[in-house]
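Okay, so here's the structure we're looking at.
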Amino acid sequence: MAAYGASQGPTCRLKTMVTETFAASFPWLLQRRVLPQHTDHAGVMWHGAYLGWLEEARIEALARAGLAYSDLSDRGLELPVVSLTIDYRQALLHGDLVRLESQVLPRQGVRLPWRTRFVTAAGTLAAEALVVLVPVDLSGGPGQRRLLRRLPDDLAAAVNALERGPR
């Protein structure tokens with residue numbers, strides 16, 4: 001039996017790939033400040049507030065790579081989250097300036113993995129997230145979801161640009 005926390009499955013391989021890949025390219029950056037609405041009663045950033053920042057970082061990076069998410073949505077295409085892991089390492093507090101460093105990792109079939117690091121102004125890693133998206137076509141109408149095995153050309157080009165990182 002494996003020790004507690006040990007894993008031999010896909011998550012372990014993905015986390016290893018995440019660590020190796022992050023050092024290899026430049027991340028997409030987004031800077032935010034922890035505001036009162038992001039915190040709990042003690043002034044600590046609430047765990048759910050991280051999700052909004054993760055989504056904002058993905059949407060902004062996609063736009064900077066040449067494709068607005070609203071354009072995808074207008075065509076009935078979405079990129080829903082199918083997996084999310086956040087490792088919290090240091091509390092973020094009301095007023096803290098935070099840099100989100102995001103990278104799109106190599107695709108795994110239809111899965112589009114993103115890694116984002118939450119870094120304080122002092123350079124301390126406060127949290128690290130791994131989000132996995134899949135492309136879905138909703139243009140068939142209500143209740144008609146179709147997983148896309150092949151990305152549309154514009155999305156494929158944007159994902160390739162995202163994987164390379166900003167230049």
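What you see is a predicted model, and the numbers here were worked out from it, not measured in a lab.
- Between Leu29 and Glu101 there is a side-chain heavy-atom pair separated by less than 4.5 Å.
- By the 4.5 Å heavy-atom criterion applied to side chains, Glu163 and Leu112 are not counted as neighbours.
- Shown here for Pro106 and Pro113, the closest heavy-atom pair between the two residues is O-CG, 3.5 Å.
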Let's go through Leu51 and Leu84 carefully: what are the C-alpha distance in whole Å and the side-chain angles of both, what is the deciding distance for side-chain contact (heavy atoms from CB on, under 4.5 Å) to 0.1 Å, and is it a yes or a no?
CA-CA 9 Å; Leu51 303 181; Leu84 169 66; 3.1 Å; yes
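- Looking at heavy atoms from C-beta onward, Thr116 lies out of side-chain contact with Trp53 at the 4.5 angstrom threshold.
- The ring-ring contact (aromatic ring centres under 6.0 Å, His included) contacts involving residues 129-167 comprise nothing, where partners must be two or more places apart or lie in separate chains.
- Pairs engaging residues 113-138 under the ring-ring contact (aromatic ring centres under 6.0 Å, His included) rule: Tyr50-Phe118 [sequence neighbours left out].
- The shortest side-chain heavy-atom distance between Val134 and Leu147 falls under the 4.5 Å cut-off.
- Residue Leu72 is grouped with residue Leu133 when hydrophobic side chains (ILVMFWY) are merged at heavy-atom distances under 4.5 angstrom, including chains of intermediate members.
- When the ring-ring contact (aromatic ring centres under 6.0 Å, His included) test is applied to Trp28, no partner is found at least two apart in sequence or on another chain.
- Scanning both residues, Arg33 and Gly95, for their nearest heavy atoms gives NH1-O, 2.8 Å.
- For Asp71, the side chain to side chain donor-acceptor pair (under 3.5 Å) criterion is met by no residue, not counting sequence neighbours.
- Residues Val81 and Leu54 share a hydrophobic cluster, clusters being chains of Ile/Leu/Val/Met/Phe/Trp/Tyr side chains in contact below 4.5 Å.
- Listed here is the closest heavy atom pair of Leu79 and Pro135: CD2-CA, 3.6 Å.
- Arg111 is linked by a side chain to side chain donor-acceptor pair (under 3.5 Å) to nothing, counting only residues two or more places apart in sequence or in another chain.
- Here OH of Tyr69 is found 4.0 Å from CD of Glu78. Values are rounded to the nearest 0.5 Å.
- Between Met45 and Val98 there is no side-chain heavy-atom pair separated by less than 4.5 Å.
- With contacts defined as side-chain heavy-atom distances shorter than 4.5 Å, the pair Gln90/Thr120 qualifies.
- Within the structure, no pair that satisfies the ring-ring contact (aromatic ring centres under 6.0 Å, His included) test touches residues 122-161, not counting sequence neighbours.
- Between Leu92 and Ala126, the shortest heavy-atom distance links the atoms CD2-CB, 3.6 Å.
- Partners of His94 by side-chain contact (heavy atoms from CB on, under 4.5 Å), not counting sequence neighbours, listed by chain and number: Pro36, Thr39.
- Taking 4.5 Å as the limit, some side-chain heavy atom of Glu56 sits within range of a side-chain heavy atom of Arg32.
- In plain terms, the two heavy atoms of Ser102 and Ala57 that are nearest each other are OG-CB, 3.7 Å.
- For the side chain to side chain donor-acceptor pair (under 3.5 Å) test, residues two or more places apart in sequence or in another chain that qualify with Ser139 are Asp137.
- Every residue meeting the side-chain contact (heavy atoms from CB on, under 4.5 Å) condition with Glu55, not counting sequence neighbours, appears here in chain and number order: Arg58, Ile59.
- Under the side chain to side chain donor-acceptor pair (under 3.5 Å) criterion, Arg145 pairs with no residue at all, not counting sequence neighbours.
- Residues Leu162 and Ala61 share a closest heavy-atom pair of CD2-O, 3.4 Å.
- Leu125 meets the side-chain contact (heavy atoms from CB on, under 4.5 Å) test with Arg89, Arg117, Val119, Glu128; sequence neighbours excluded.
- Partners of Pro152 by side-chain contact (heavy atoms from CB on, under 4.5 Å), not counting sequence neighbours, listed by chain and number: Arg75, Leu77, Leu148, Asp154, Leu155.
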